[in-house]
Amino acid sequence: MAGPSSQARQRRPIPPSEASFENVNDDEHVGEVYQNPRNRNPVEQYLETNQASVIVVSVLTALAFALRFYKINAPDQVVFDEVHFGKFASYYLRREYYFDVHPPFAKMLFALAGWFVGFDGNFQFENIGDSYTTNHVPYIGLRALPAILGSLTVPVVYAIMKESGYSTIIAAFSATIILFDNAHVTQARLILLDATLIFFLSLTIYAYIRFRKLRYREFSSEWWTWLIATGAFMACTWGSKVNGILAVVTIGLAVLIDLWDILDIKKNESIEHFWKHFAARAVGLILVPFVIYLSFFYVHFAILTHSGPGDTFMSPAFQETLLGNEMLLNSQEIRFYDTLTMKHKDSKVFLHSHVERYPLTYEDGRVSSQGQQVTGYAHNDTNNNWQIIPTRALPETGRGRIVRHNDVVQLLHVNTRSHLLTHDVASPLMPTNQEFTTWPKDDFSRYNDTLFQVVLIEGHEGQAWKSKASYFRLVHVPTKVSMWTHSKTLPDWAFNQLEINGNKNPTEKSATWFVDNIISDENGEEVLNRDEKPPVKEPKSMNFFKKFAELQLLMLQHNAGLTASHPYASSPINWPFLLSGISFWTETETSKQIYLIGNIVGWWTCVVALSVYVGILGADLLARRRGIDPIPDPARNRLWNNVGFFLLVWGVHYAPFFLMNRQLFVHHYLPSHLASALIAGAVLQFVLSDTINYPISLRGTSTRARPSQYSDIGIKGPVILVIFSAILFAVYVFMAPLTYGTPGLDGDTVNSKRLLTTWTLHFAAKKIAESV
């Protein structure tokens, strides 16, 4: 490890004028390397002035804006997930309800940007490649939002390093990795969520570091300001994208470590003092962010008041809060002897039967009842019609003829005049589930096996069963199985329709059905308005917290359900090494394409830095175990505390993806990549200098002044930064046609851009083997 001159390593009394204050912990001040700031290299001294810092961060910011806004109009077509997030912005502008697995904050920002530039929301973003220009969409205004936030991320990264005590050169080094990264630029130039997520994550890191630097001025107004700012930025991160919850986990773990330190009786004898800190953090980092997160959904629901494509994901009670919703306008009470059609909530298939029968034996040798087939069918058909038959005496007229929650009924298949039945015979595809069939209407020998209980979801005693608005389970009275279906189709003998069987869990959530339509009443006449009062056109009300809880649960379920294969999905183990990218957009006529891939020099530098950092900590632990202190205490504490926090950010935003079974892509690594860029700068600081800018925390009223030291990376730092930046920029420019989607490339040029054989680029020339 290179270090300052031998004179800087010698201990000497420190003049009072050079005294400053402690940094991270009281025990950091053992064996400091004292240093006079005037002994540093003149270049270093100038770069540490406020003037130089302002110049550097201004240049970095200007470059960030230039790279992210360059040709932001290209392509003038829908690219990759703009097909989703642009569409969601249009729904906000039309106030139509939609469903998405991600929280609404970033999407509402897109809608705000669209409103600001005059977008009316009528363009539907239906397909990748749809033209913005032809449809007169002000898409540049929409893309400008992530471009601004992505550009501002660069100076925030610089500020994080400066506030952490690193020199201007080191802060610029970390910022440059983000500045010239093709993946970050690609994400920031399109209508995507990641730029918003990463910007607010970087602000969360910055605010938390500012808060920690004020720990000796606890409960001061500035301390409270940065505590609450941390919570606010954390809520914005969480509200931008579903994996923003990892920022909450990161800060939560850091706070637990912090509180564990405060609990130490050697540092604080009063348990009341600990509880004051606990309460303050509970307010600033739990209550405040949760309220802000709730407010995003409050605004979300307040805007989306009209029926839209997301209706069917929600419960009937939720749907009836939306203007123009079909349930609100067309739901009817169901009466005995009504003929109706029923649909499965998830698969949307009709309950269906036809005259064909189950085969006597199945392929696995099991024997059936040879009863009439009951299946799930996706299309309208008269064989979907069932009549509700009562099992008790009814009044001639009036409300007593309405079917209600927990009523026991028979279901008569109209075309074949047979009752729905299930019994203890294995279903065709699932030996553990019961077969569903029918039984002739006039044969009463199996009457009990034709009895089913209508159980309304979240129903109450006496609640009327309604078409469209009532989700229900059909539970067989004798055996307590629920009528259920699944995605696997029956063989050709059942026309490849879905199997209907009896699930032995009577409360199975996926065994949910609804009445799609009432075909006719007992007299065969069309059902119009049969309610006592005229239909209410005004939407119903629903408690905000019930709506919030329902949506959160659905978001989690559907996010976990994104398990379908994707040609550009990749494993987390590949991400740090940049082994694969994502094809965002192609145009065959011009051989243009956008391929999401990072700057390989920057990414591999971060991998090396992570490895070196772990190696340094391991070597330090081993050396200290043998009574050797190879690293001065201030530098060691900076490595363990500050860089350790960066490593925590990296790990929390990376490790959980190894446990997920959903679709995963390399852009999920971008938050961790930002953290690894911070670690890379810290490792470079350690390699170039034994000393650091120390202490950096602000002195409290009862803390003692401590001797200072200063980082001195000499002329080596600027030289390394210039060379490294030049290499990064050269690689960035080389890969720019894949980042900006222009110009078009011929096959051989595409092959030259393929720096790793695992990258799947379009329009590559086929290599012809030379004949021998």
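No hydrogens, no waters, no symmetry mates; every other heavy atom, side chains included, goes into these values.
Geometric assessment of Lys547 against the ring of Phe318 yields a positive cation-pi assignment under the 6.0 Å and 45° thresholds. For the pair Lys107 and Phe88, the cation sits on the ring face: its NZ or CZ lies under 6.0 Å from the ring centre, inside 45° of the axis.
The aromatic rings of Trp650 and Tyr654 lie tilted to each other, with the angle between the two planes from 30° to 60°. Taking the six-membered ring where the residue is Trp, His668 and Phe665 present tilted rings, their angle falling between 30° and 60°. Aromatic ring pairs are classed by plane angle as parallel below 30°, tilted from 30° to 60° and perpendicular above 60°; the pair His558 and Phe313 is perpendicular.
Considering only heavy atoms from C-beta on, Lys466 stays 4.5 Å or farther from Pro316 through its side chain. The shortest side-chain heavy-atom distance between Trp585 and Phe80 does not fall under the 4.5 Å cut-off. Using a 4.5 Å cut-off on side-chain heavy atoms (C-beta onward), Phe233 and Trp238 make no contact. Using a 4.5 Å heavy-atom cutoff, the side chains of Trp513 and Tyr471 are not in contact. Between Thr230 and Tyr206, every side-chain heavy-atom pair lies at or beyond the 4.5 Å cut-off. Side-chain contact between Tyr139 and Phe119 is absent, with no heavy-atom pair separated by less than 4.5 Å.
Under the 6.0 Å cut-off for aromatic ring centres, Tyr98 and His300 qualify, their centroids lying closer than that. Taking the ring centroids of Tyr91 and Tyr97, they lie at or beyond the 6.0 Å cut-off. Ring pair Trp575/Phe657: centre-to-centre distance below 6.0 Å. Aromatic rings from Phe125 and Phe123 are positioned such that their centres are separated by under 6.0 Å. Checked against the 6.0 Å centroid criterion, the rings of Tyr669 and Trp603 qualify as a close aromatic pair. Taking the six-membered ring for Trp and the full ring otherwise, the centers of Tyr70 and Tyr740 sit less than 6.0 Å from each other.
Side-chain contact annotation: Asp76 with Thr133, donor-acceptor N/O pair under 3.5 Å present. Between the side chains of Tyr732 and Thr739, not a single donor N or O lies within less than 3.5 Å of an accepting N or O. Under the 3.5 Å distance criterion, with hydrogens and angles disregarded, a donor-acceptor pair is assigned to the side chains of Asp311 and Ser307. In summary, the side chains of Ser571 and Asn574 do not present any donor paired with an acceptor at a separation below 3.5 Å, with no hydrogens or angles considered. Between the side chains of Ser583 and His762, at least one donor N or O sits under 3.5 Å from an acceptor N or O.
For the pairing with Thr590, the side-chain hydrogen bond (donor to acceptor under 3.5 Å, both in side chains) check across Lys592, Glu587, Gln593 returns one residue only, Glu587.
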(request) Check the pair His673, Ser676 against side chain to side chain donor-acceptor pair (under 3.5 Å), reporting the backbone distance first and the verdict last. (result) CA-CA 5 Å; His673 177 257; Ser676 68; 4.8 Å; no
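Rounding to the nearest 0.5 Å places CD of Gln187 at 7.0 Å from CD1 of Ile198. Interatomic distance, CZ of Phe105 versus SG of Cys236, reported as 4.0 Å (0.5 Å rounding).
Residue pairs satisfying the salt bridge (charged side-chain N to carboxylate O under 4.0 Å, His left out) criterion with at least one member in residues 182-193, sequence neighbours excluded, are absent.
Within a 6.0 Å radius of CH2 in Trp115, other residues, nucleotides and ligands contribute 12 heavy atoms or fewer.
Using a 4.0 Å cut-off between a side-chain N of Lys or Arg and a carboxylate O of Asp or Glu, Arg143 and Glu82 qualify as a salt bridge.
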